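Written below as structure tokens is the structure these notes are about.
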Amino acid sequence: MPILSNYTDGFFNVSAQHGFLPVKAPMETLPAVYSDLQAVLDAMPVVLSENEYGLLNTPNAIIKPVFEIKNHVAEIEKEENIFILQALFRSYSFLASAYLLEPSFQQFKIDGKYGKARNILPENIAIPFCRVAEKLNVFPWLDYHYAYSLGNYKKIDPNGDLNWENIAMCNKFSGQPDEAGFIMLHVDINRYSANLVGSVMGTIQALHNGEKDVSELLENNWSTMKQMNIRRKEMWKASRWQHYNDFRVFIMGVKGNTDLFGEGVLYEGVWDEPKAFRGQTGAQDDIIPMQDIFSGVIFYYPQNELTKYLLDLRQYRPKCVQEFFIDLETSMKEVHPKGLMGKLVDHADANSLCYLLGILEEIYHFRNGHWQFVQKYIMANTKYAYATGGTPITSWIPNQIMSVIHQMEDVAAAIKNLGGAKQESAQTLFEKNIKLLPTKRSLLEGQLELIHKNDFSAEAVFALNQKFGYDDTE
């Protein structure tokens, strides 16, 4: 059956109207009944102002205020408003991560190494946190959607747009501009997601209705992705890579980070055994997973542990997004067993195949740009081998980049077999990609060769981007 027109939980509504952003701006602060919790959150950031520091700046300063917060589970039981529940989840997520990871942050300030985290969450925090997580049907840990990113913005100028320079964080860890720029840029990029979702839903509907030419819809998808990549490259300006460690440790998850948490975190009064959940990560964003399913990159995922990580992250999203992905994959396979590419080849639609190639190129740029962020923001800053989501940093993204390159090569071959495109702009897109495809493969293979050496230089890995013409900072 064709995909639905929207998937919603009341806070998010995946649709051509809202894309992946909330249906309206999140609440900036909690209702008055939770004033004790809000007070600690407000006092918590490392830096409060130019000459004032918060609880996280001083070792152990957060302990007493956390234990003095009332157990609000009775109030939470009565809450039904999805926007209050989201604000509560965001608040408890920040508080839990700050409290547990504060010792790791303090140790990093001393010697540049992440120290052991606390691994017991007191019951006055654990019980209400788990109850609000249960109401939202998510894991009780800092996530990307409801907590750190998409549900954590507020406009500086109420009449302005969602440009990262006009949005601030409701809750924060470091309290410094680099943290705000880093995560608010994700909101900025997603302001274009409504158009992207609309092009995906429109293409599926058209193909289910028997339409043969979907090149205009695919051109719209491609041009939207180009705009998103332009915004994504603002990261180098929004958040200086040298300052990533000012806040990175606080967004670490438990799963995959046993050096910090050991067997896991004990949620007092909730479970008798420790639990381990993945940390928030940009890999929980919805743009590229949707595009992978829609374009057919999923057919090229290798069967390995890294792909299992990728699919595991699907669980760390709102249920309405998970349901959208399931229906999207089903719909694409109903269009053709080999997805969009299979259908376009059957229709001998070279124009549309060229725009599919363009879409894949933008998926490549998105992933390769993210890979360059990893090289600079993480590999050049720390020897710690795992990302915030618990995935291995040097192999995680290359696994997916190679999948994209493989499909690009197959789509390019299919276009060549059809004799090229009749539409001039589509043919130009094809010719550009034919010329550049070998450099994409050579760049990744060269970087992986360096990384497989025991003592590789992150700077040397990054330098190859410029050599092959893919320096994301330019």
Side-chain angles (χ1 to χ4, degrees), residues 36-71 90-126 128-129 140-142 147-148 152 169-180 182-183 239-240 242-254 256-268 274-277 279-280 377-378 381-388 390:
D36 56 342
L37 172 55
Q38 185 65 53
V40 177
L41 291 166
D42 292 343
M44 195 174 76
V46 177
V47 177
L48 296 176
S49 63
E50 189 174 343
N51 299 308
E52 188 180 6
Y53 297 93
L55 297 171
L56 291 176
N57 187 61
T58 304
N60 300 319
I62 197 171
I63 297 176
K64 185 173 181 288
V66 164
F67 277 87
E68 289 176 347
I69 295 172
K70 176 187 172 183
N71 183 338
R90 180 186 72 205
S91 300
Y92 279 111
S93 295
F94 266 82
L95 189 68
S97 290
Y99 171 77
L100 294 171
L101 285 157
E102 181 261 330
S104 303
F105 175 68
Q106 302 299 345
Q107 187 62 44
F108 185 86
K109 288 198 298 181
I110 295 170
D111 61 12
K113 297 177 181 178
Y114 298 141
K116 291 286 186 184
R118 298 185 179 97
N119 59 4
I120 299 176
L121 192 63
E123 64 179 42
N124 63 314
I125 306 302
F129 185 19
W141 194 259
L142 184 82
Y148 197 54
N152 191 33
M169 301 172 72
C170 300
N171 294 130
K172 57 199 88 165
F173 292 116
S174 79
Q176 297 175 79
D178 294 289
E179 180 185 20
F182 171 79
I183 200 61
S239 185
R240 297 165 295 175
Q242 300 94 331
H243 289 263
Y244 187 39
N245 277 315
D246 292 350
F247 56 92
R248 183 186 183 226
V249 70
F250 292 114
I251 57 177
M252 284 287 180
V254 182
N257 285 311
T258 53
D259 287 353
L260 303 184
F261 287 102
E263 294 181 1
V265 170
L266 182 65
Y267 289 71
E268 278 192 337
K275 297 292 181 180
F277 304 109
Q280 92 79 38
Y377 287 72
I378 303 176
N381 268 336
T382 176
K383 292 295 184 182
Y384 189 73
Y386 293 92
T388 56

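Computed from a predicted structure; not experimentally measured.
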Any donor-acceptor pair under 3.5 Å linking the side chain of K109 with the backbone of N57? yes

Would one find more than 12 heavy atoms of other residues, nucleotides or ligands at under 6.0 Å from atom CD of E263? no

What is the minimum heavy-atom distance between L260 and S104, and which atoms define it? CD2-OG, 4.3 Å

Roughly how far apart are T58 OG1 and E102 CD, rounded to 0.5 Å? 8.5 Å

Quick one: are Y53 and V47 in side-chain contact, heavy atoms under 4.5 Å? yes

Using the six-membered ring wherever Trp is involved, compare the ring planes of F277 and Y267 and label them parallel, tilted or perpendicular (cut-offs 30° and 60°). perpendicular

Closest heavy-atom contact between P65 and I62? CD-O, 3.3 Å

Do any N or O atoms from the side chain of K116 and from the backbone of F261 form a donor-acceptor pair under 3.5 angstrom? no

Here the gap from S91 atom OG to N171 atom CG, rounded to the nearest 0.5 Å, amounts to 5.0 Å

Rounded to the nearest 0.5 Å, how far does CG of L56 lie from CE of M44? 5.5 Å

Look up atom CD in Q38 and atom CD1 in I69, then write down how far apart they are to the nearest 0.5 Å. 10.5 Å

Find the distance between CD (Q106) and CD1 (I110) and round it off to the nearest 0.5 Å. 7.5 Å

What are the two closest heavy atoms between W141 and M252, and how far apart are they? NE1-O, 3.3 Å

Please find out if less than 6.0 Å separates the ring center of F105 from that of F173. no

Between L100 and I120, which heavy-atom pair has the shortest distance, and what is it? CD2-O, 3.7 Å

Looking at E179 and S174, would you say the former's side chain and the latter's main chain have a donor-acceptor pair under 3.5 Å? yes

Can you tell if the side chain of Y114 reaches within under 4.5 Å of the side chain of R248, non-hydrogen atoms only? yes

Should N119 and P274 count as side-chain neighbours, where that means a heavy-atom distance under 4.5 Å? no

Got V46 and D246 here, is their nearest side-chain heavy-atom distance under 4.5 Å? no

Are more than 12 heavy atoms, taken from residues, nucleotides or ligands other than K113, located less than 6.0 Å from that residue's NZ atom? no

Angle between ring planes, Y92 versus F129, binned at 30° and 60°: parallel, tilted or perpendicular? parallel

Is it true that a side-chain atom of R90 and a backbone atom of N152 form a donor plus acceptor pair closer than 3.5 Å? no

Minimum heavy-atom separation for R118 and Y99, please, with both atom names. NH1-O, 2.6 Å

Atom CD in E123, atom CG in N71: separation rounded to 0.5 Å? 7.0 Å

Locate the shortest heavy-atom distance separating L95 from L41; write the atom from each residue and the value. N-CD2, 4.2 Å

